[in-house]
Q: 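Let me give you the structure first, and then I'll get to my questions.
Here is how names work: the chains are called A, B, and so on, in the same order as the sequence lines, proteins then strands, and each is numbered from 1.
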Amino acid sequence: MRVATFNVNGINSRLGALLQWLDETRPDVACLQELKAPQEKFPEMAIRAAGYHPIWHGQKSWNGVAILARDAEPQGVQRGLPGDDADEQSRYLEAAVNGILVVCLYLPNGNPAPGPKFERLHARAQQLIDTGAPVVMAGDYNVMPTERDVYKPERWLDDALFRPETRAAFAKLVGQGWTDALRATHPDEVIYTFWDYFRDAYGRNAGLRIDHLLLSPALAPHLKAAGVDRDVRGREKPSDHAPTWVDLDWPA
DNA sequence: ATGACTGATGGAATCAGA
């Protein structure tokens, strides 16, 4: 079973690229971020025609997240990160697919630093760990966990994505018992998931690893492989992120 | 230190992204 995450940076302007990638790689679950579309502008028919059952949490102008499930209906849908009734941003979705709880999240950028805190995500993530269920938390975390995950670490030291407190918050999250699937399967490799549109960042491989798939203790033993569909970033009219995925030994 | 590039909004110029 393959679970992927892809910050599409506008689902309607990216629809062709998204459908091509879905057709080529056929992930069983795809978590999407930055839909940049209100609820009623989600291209539901095109997604269904591609063989996927979508749930989504839209928002005008920015944000917006979706979970697409191939040949399966997502169950028990939860919209929004619990713990703050005043939070109206569409950045968090939960649903069960094939017996796995899938979390699709899009964490705030945080700039200008120091930016938002992680408390609410820590609390929810701990609750999910405590259930003992197989969980994958996939999405755009806007955090480079270590120096290996930035093309020029010294230039990012004072940026919210890489400041020590941000990295510490991510490390604390992982320390609850989550497995960073990309890093677990490629301990020493330089892997990026994002390249800025500016100054030919992709051509220079000036990238960041900020899209992550975290596996709960019940799911981590089923991890078989993980990777980045890097070539998608090099196509016409690309998102600035590339799709990132895990393959699980789990019946689809 | 700054700006470069892209999408959404709204119908030009500005904001947000990371």
Q: Would you say that more than 12 heavy atoms from the other residues, nucleotides or ligands in this model lie under 6.0 Å from the CZ of A/Arg155, or not?
A: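 No - once you tally the heavy atoms of other residues, nucleotides and ligands closer than 6.0 Å, there are 12 at most.
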
Q: Within a strict 4.5 Å, meaning less than it, do heavy atoms of the A/Tyr106 and A/Tyr141 side chains meet?
A: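 Heavy-atom side-chain distance check fails, nothing below 4.5 Å.
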
Q: Check this one for me: any side-chain N or O of A/Arg199 less than 4.0 Å away from OP1 or OP2 of B/dC5?
A: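 Answer is no, no contact under 4.0 Å.
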
Q: Where the side chain of A/Arg14 is concerned, which of B/dG7, B/dG17, B/dG10 is the nearest nucleotide?
A: B/dG7

Q: Specify the separation, in whole Å, of atom CG of A/Asn7 and atom C1' of B/dG7.
A: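 Spelled out: CG on A/Asn7 to C1' on B/dG7 is 12 Å.
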
Q: Whole Å only: how far is the CZ atom of A/Phe194 from the P atom of B/dC5?
A: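 For the pair A/Phe194 CZ and B/dC5 P, the rounded distance is 14 Å.
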
Q: For DNA chain B, list all stems, counting runs of three or more consecutive pairs where every pair is Watson-Crick or G-U wobble with both distances under 3.5 Å.
A: B:5-9 with B:13-17

Q: What's the verdict on ring pair (Phe, Tyr, Trp, His ring centres under 6.0 Å) for A/Trp195 and A/Tyr202, showing C-alpha distance, side-chain angles and the deciding distance?
A: CA-CA 5 Å; A/Trp195 297 261; A/Tyr202 182 70; 5.1 Å; yes

Q: Give the rounded distance in Å between these two atoms: CG of A/Asp200 and C1' of B/dC5.
A: 12 Å

Q: Can you check whether A/Trp245 reaches A/Pro27 side chain to side chain, under 4.5 Å on heavy atoms?
A: no

Q: The test is side chain to side chain contact (heavy atoms under 4.5 Å, CB included); show your working for A/Arg183 and A/Asp149 and say whether it passes.
A: CA-CA 10 Å; A/Arg183 194 43 85 205; A/Asp149 304 311; 2.7 Å; yes

Q: How many whole angstroms separate atom OH of A/Tyr197 from atom C1' of B/dA16?
A: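 One finds 13 Å between C1' of B/dA16 and OH of A/Tyr197, rounded.
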
Q: In whole Å, what separates the P atom of B/dA1 from that of B/dT14?
A: 25 Å

Q: Has A/Lys237 got a side-chain N or O lying under 4.0 Å from the OP1 or OP2 atom of B/dG7?
A: yes

Q: Regarding A/Arg209, tell me which of base, sugar-phosphate or nothing describes its non-hydrogen contacts under 4.0 Å with the strands shown.
A: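 The residue A/Arg209 makes no contact with any strand.
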
Q: Using the rule side-chain hydrogen bond (donor to acceptor under 3.5 Å, both in side chains), only one of A/Asp180, A/Thr244, A/Thr146 pairs with A/Arg209; which is it?
A: A/Asp180

Q: Starting from C1' on B/dG7, measure out to CD on A/Glu34 and report it in whole angstrom.
A: 9 Å

Q: Heavy atoms from C-beta onward define the side chain here; which of B/dG7, B/dT9, B/dA4 lies closest to that of A/Pro38?
A: B/dT9

Q: How are the rings of A/His222 and A/Trp250 set to each other: parallel, tilted or perpendicular (split at 30° and 60°)?
A: perpendicular

Q: Using a 4.0 Å heavy-atom cut-off across all strands, classify A/Tyr202 as base, sugar-phosphate, or nothing.
A: nothing

Q: Please find out if less than 6.0 Å separates the ring center of A/His57 from that of A/Tyr92.
A: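 For A/His57 and A/Tyr92, the ring centres are not under 6.0 Å apart.
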
Q: Would you kindly compare A/Phe198 and A/Gln89 by the position of their nearest DNA chain B nucleotide and give the one closer to the 5′ end?
A: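 Upstream on the strand: A/Phe198.
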
Q: Give, ordered by number, those residues of residues 136-159 of chain A having at least one heavy-atom distance below 4.0 Å to an atom of DNA chain B; if nothing qualifies, reply none.
A: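 Per residue number, the list reads A/Asp140, A/Asn142.
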
Q: Between atom CG in A/Asn9 and atom C1' in B/dA8, what is the gap in whole Å?
A: 10 Å

Q: Is there a donor-acceptor contact under 3.5 Å from the side chain of A/Ser216 to the main chain of A/Val135?
A: yes

Q: CG of A/Asp211 versus C1' of B/dG17: gap in Å, rounded?
A: 13 Å

Q: Short question: side chain of A/Thr179, backbone of A/Ala181 - any donor-acceptor pair under 3.5 Å?
A: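 Answer holds: no.
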
Q: Take a 6.0 Å sphere around CG of A/Asp85 and say whether it holds more than 12 heavy atoms from other residues, nucleotides or ligands.
A: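 Counting other residues, nucleotides and ligands, CG of A/Asp85 stays at 12 neighbours or fewer.
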
Q: Which heavy atom of A/Cys104 sits nearest to which heavy atom of A/Gln33, and what is that distance?
A: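 Scanning both residues, the minimum pair turns out to be SG-NE2, 3.5 Å.
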
Q: Taking atom C1' in both B/dG7 and B/dG11, what distance in whole Å separates the two?
A: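 Looking at atom C1' only, B/dG7 and B/dG11 are 15 Å apart.
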
Q: Specify the residues of residues 41-48 of chain A, ordered by number, for which at least one heavy atom lies under 4.0 angstrom from an atom of DNA chain B.
A: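 Nothing qualifies; none.
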
Q: Pick the C1' atom in B/dT2 and in B/dA8, then give their distance to the nearest Å.
A: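 To the nearest whole Å, 25 Å.
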
Q: So does A/Asp240 pair up with A/Arg233, basic N to acidic O under 4.0 Å?
A: no

Q: Considering only atom P, compute the distance from B/dG10 to B/dA16 and round it to an integer number of Å.
A: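 Nearest-Å result for B/dG10 against B/dA16 at atom P: 14 Å.
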
Q: Rounded to the nearest angstrom, tell me the gap between atom CG in A/Asp240 and atom C1' in B/dG7.
A: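 Taking atom C1' of B/dG7 as the reference, CG of A/Asp240 is at 10 Å.
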
